[in-house]
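Sequential numbering from 1 along the given sequence is applied to the chain's residues. Because the structure is predicted, anything quoted here is derived from the model rather than measured.
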Amino acid sequence: MNEAPGAGEGQSYDATQRKGCQMRYRATFIAGFAVGFIVGARAGRERYDQIVKYSKQVVEHPAVQKATSTVTAKATELGKTAAAKAPDLAKTAAATVSEQVPKMAATAKQKASDRLPFGGKSDSADTADGQVSTPVDNGQASVNGVRYTTDGS
């Protein structure tokens, strides 16, 4: 079993379990399709024509026509209202985000520094040129883990 990307501690990821889940849904879909096909075939062409006839009668009914036009007009009106309000809402959202991001960044930085060893505080081990001296280096500068000395060793 492999760890899923982003899985928490103690949680394992089993690819076969996920694949089995997909196969179950696929099998259910195929079974439903088969049942629908068989039932539809038994109903026959006459039943199909009857359903089409009734659906056309419903669509052409004056009350349905009126309701459809009312809903269409209301949807158009709401769409225009939303389009008019969108730029203002976008500006408000941008202002809110620009205020909140620095606060969130400061909070994240503080939480990250609290989790770092030694509190994430900088020590006196930092040198003036930005190189960090560690006890392993014995005060010598290193680049990519390779120590360079001036005495040739």
Side-chain angles (χ1 to χ4, degrees), residues 1-123 125-126 130-137 141-147:
M1 289 197 282
N2 300 325
E3 286 293 320
E9 290 182 13
Q11 295 178 348
S12 61
Y13 174 75
D14 188 0
T16 58
Q17 181 181 6
R18 189 185 77 184
K19 181 122 177 142
C21 213
Q22 289 175 344
M23 291 302 293
R24 181 177 37 206
Y25 290 126
R26 188 174 293 154
T28 303
F29 174 77
I30 291 170
F33 182 81
V35 169
F37 182 79
I38 291 168
V39 169
R42 285 192 179 170
R45 180 71 181 186
E46 294 170 5
R47 181 69 178 151
Y48 172 77
D49 290 336
Q50 187 181 20
I51 291 170
V52 169
K53 178 181 151 188
Y54 287 140
S55 62
K56 284 182 181 179
Q57 285 178 351
V58 168
V59 169
E60 293 171 356
H61 194 276
V64 174
Q65 291 288 330
K66 184 178 179 181
T68 302
S69 64
T70 304
V71 169
T72 303
K74 189 65 173 176
T76 303
E77 178 186 331
L78 290 174
K80 289 179 181 178
T81 303
K85 289 184 179 181
D88 294 333
L89 292 174
K91 288 178 186 176
T92 304
T96 302
V97 167
S98 66
E99 291 173 6
Q100 294 296 323
V101 167
K103 294 176 187 175
M104 293 166 75
T107 303
K109 185 176 180 180
Q110 179 61 39
K111 287 183 179 182
S113 69
D114 291 345
R115 291 183 178 220
L116 291 174
F118 309 112
K121 308 284 189 246
S122 60
D123 325 327
D126 292 341
Q131 295 289 330
V132 177
S133 173
T134 63
V136 175
D137 292 338
S142 65
V143 177
N144 295 332
V146 177
R147 276 185 266 143

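Residues meeting the side chain to side chain contact (heavy atoms under 4.5 Å, CB included) test with Arg26, sequence neighbours left out: Met23, Ile30. Residues passing the side chain to side chain contact (heavy atoms under 4.5 Å, CB included) test with Val52, sequence neighbours excluded: Tyr48, Lys56.
When all heavy atoms of Val64 and Val59 are compared, the pair lying nearest together is CG1-O, 4.1 Å.
With Lys74 as reference, Leu78 is the one residue of Leu78, Val71, Thr72 to meet the side-chain contact (heavy atoms from CB on, under 4.5 Å) rule.
Residue Thr70 holds its OG1 atom at 11.0 Å from CD of Gln65, rounded to the nearest 0.5 Å. Atom OG of Ser55 is separated from atom CD of Glu60 by 9.0 Å, given to the nearest 0.5 angstrom. Note that the NE2 atom of His61 and the OG1 atom of Thr68 stand 12.0 Å from one another [nearest 0.5 Å].
No more than 12 heavy-atom neighbours from other residues, nucleotides or ligands sit within 6.0 angstrom of CD on Glu46.
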